[in-house]
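Structure first, then comments.
We use all heavy atoms of the structure for the numbers below, so side chains are in, but hydrogens, waters and symmetry mates are not.
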Number of protein chains: 2
Amino acid sequence: MAARADTSKTAESSDKVSVICRALRRAIIEQALEPGAKLPEDSLGERFGVSRTIARHALGQLAAEGLVELRRNRIAVVATPSWQEARDAFDIRIELERLVVRQLAGKLTKPQIAELNAHVDAEDRARDGTDAVSIRLATEFHILLAHMTNSPILVRYVSEVAYRCCLTLSLYSRPHSSECAINEHRAIIAALAKGDVDKVMGLMHSHLDSVATRALVTPSPQRGRDLLDILAPYADEASGEKVVKLPKAVRR
Amino acid sequence: MAARADTSKTAESSDKVSVICRALRRAIIEQALEPGAKLPEDSLGERFGVSRTIARHALGQLAAEGLVELRRNRIAVVATPSWQEARDAFDIRIELERLVVRQLAGKLTKPQIAELNAHVDAEDRARDGTDAVSIRLATEFHILLAHMTNSPILVRYVSEVAYRCCLTLSLYSRPHSSECAINEHRAIIAALAKGDVDKVMGLMHSHLDSVATRALVTPSPQRGRDLLDILAPYADEASGEKVVKLPKAVRR
DNA sequence: ACAGCCCGAACTGCATGCAATTGCAGCGCC
DNA sequence: GGCGCTGCAATTGCATGCAGTTCGGGCTGT
């Protein structure tokens, strides 16, 4: 039951803008929309049966979350975080999630523990599904934890940064074996239930750290980064090196 | 030369929406707009010389940052964070800023240190100004620090959460003596320059913690939610307070 | 006199229209 | 053949218009 239909405090609830936001968010983190994919306002509006105004508003929200890049007078695109930004996001995420488990250790109710276990079971069952889904589930485990702190702000930040990490994982990571992640999730639940603050903070730290380092070992964006943007700063002094213009691989 | 000309990283640069956002943000954290103040789209549009569409978009962004509360079909109001939310915000802020100084310790350039010192000097000069301004400057010191990490994500989160804390300080704190804050800022700069990671993390922690505890000891509005708004007309026992419900803050 | 109802004003939700900017394809020039 | 230019189509930036909802004040019934 992932019903959690509560969107509550944070400005978004049931209007069309939020619906589009959620849909796009999910599409992005499941890689249905790759980083760099174009998101023209009218196409979105047409797709979701709303006007450009609404699509535009949704894009604005997603841009505020860092999932979408918005350049003036240009088509919005799915964000393409740099490797450094990915590292930064993970650093922040580690701190935030340590805070989460610190607040949660020993304070979980039985139903909450059951809910967590159920979620991990779901992760387990999804192991033979697509990679995108298992990544999403793993991410949602962390968001579920954040929810249990009853701190809307913490939920928002953890969600955002987790989504960003999801996005970067899709960029810089190859098929990851979710097995160990699941085991680590179980270990975290156990330590939380036992109330061992230090243990659980350490677990969470190493869990995220391992994901980060395992995923982000390759600072060479094999593809997908639009080189033109990368090279923009070098345009001034790029006299000696001949910069060939690559054949725009990502065309539609 | 604070010409931090970074456009486009964080979606907001030079369009009218961002202008309005910045203006409102500042008005809010300087308490020109009190928590609970109404922000009708038309009035904002009129005030800033734009249409409702733009004002609406700006409100959306500010709502995403938690500075504005947006209820469907209702006039937007400046957010009124509960006391618990204030605590949560400070908790998060402490972690984030510890991360900031951890990354910064020993890595600051001379110009950066000079810039920081200049800012604190400005804080010093503003001591005889209004409280709102000195609070804003103190907040901006922390944001300036975050900027120096060169991590856009960190900048965004620190800024947001710092603004939120600013907002709550205006709610739950009485006139605070900024003197010690200034000294603590100087101490932090010194420790950063010396590169003493542990020292500076401890300093930052206690700095923020002291601000938080000094400020948040009084949950005077029992729950702080929009209950406060409801009770405003019946402001008998809340006598000492200046709760004029709304002199139509932004009315032509 | 008081409570409840009703109606108008105010406001938001959303779509559409128009001007301005950008992307791009084709064309001419070197 | 490659490079730069030009004009058109695509797309955004923004304002305005209309419909639906909420708020508040006055009126009526008791």
Quiz item: What's the CD-C1' distance between E41(B) and dT21(D), to the nearest Å?
Solution: 13 Å
Quiz item: Atom CG of D15(A) and atom P of dT21(D): how far apart are they, to the nearest Å?
Solution: 15 Å
For the pair [X] and [Y], find out whether any cationic side-chain nitrogen is under 4.0 Å from an anionic carboxylate oxygen.
{"X": "R164(B)", "Y": "E85(B)", "answer": "no"}
{"X": "R25(A)", "Y": "E160(A)", "answer": "no"}
{"X": "D42(A)", "Y": "R52(A)", "answer": "no"}

Would you tabulate the nitrogen or oxygen pairs shorter than 3.5 Å linking the protein to nucleotides 19-23 of chain C?
unit_1, atom_1, unit_2, atom_2, d
dT21(C), O3', N73(A), ND2, 3.3
dG23(C), OP1, R74(A), NE, 2.5
dG23(C), OP1, R74(A), NH2, 3.4

Self-check item: By side-chain contact (heavy atoms from CB on, under 4.5 Å) - contacts of E95(B) (at least two apart)
Solution: E95(A), L99(A), R102(A), R98(B)
Self-check item: Within residues 48-57 of chain B: residues closer than 4.0 Å to DNA chain C (heavy atoms)
Solution: R52(B), R56(B)
Self-check item: Gap between atom CG of L24(B) and atom CD of E65(B) - 0.5 Å precision
Solution: 10.5 Å
Exercise. Verify, without hydrogens or angle tests, whether Q103(A) (side chain) and V100(A) (backbone) share a donor-acceptor contact under 3.5 angstrom.
Key: no
Quiz item: Does any non-hydrogen side-chain atom of R136(A) lie less than 4.5 Å from one of R26(A)?
Solution: yes
Practice problem: Please report the closest heavy-atom contact between A146(B) and V155(B), naming both atoms and the distance. | Solution: O-CG2, 3.5 Å
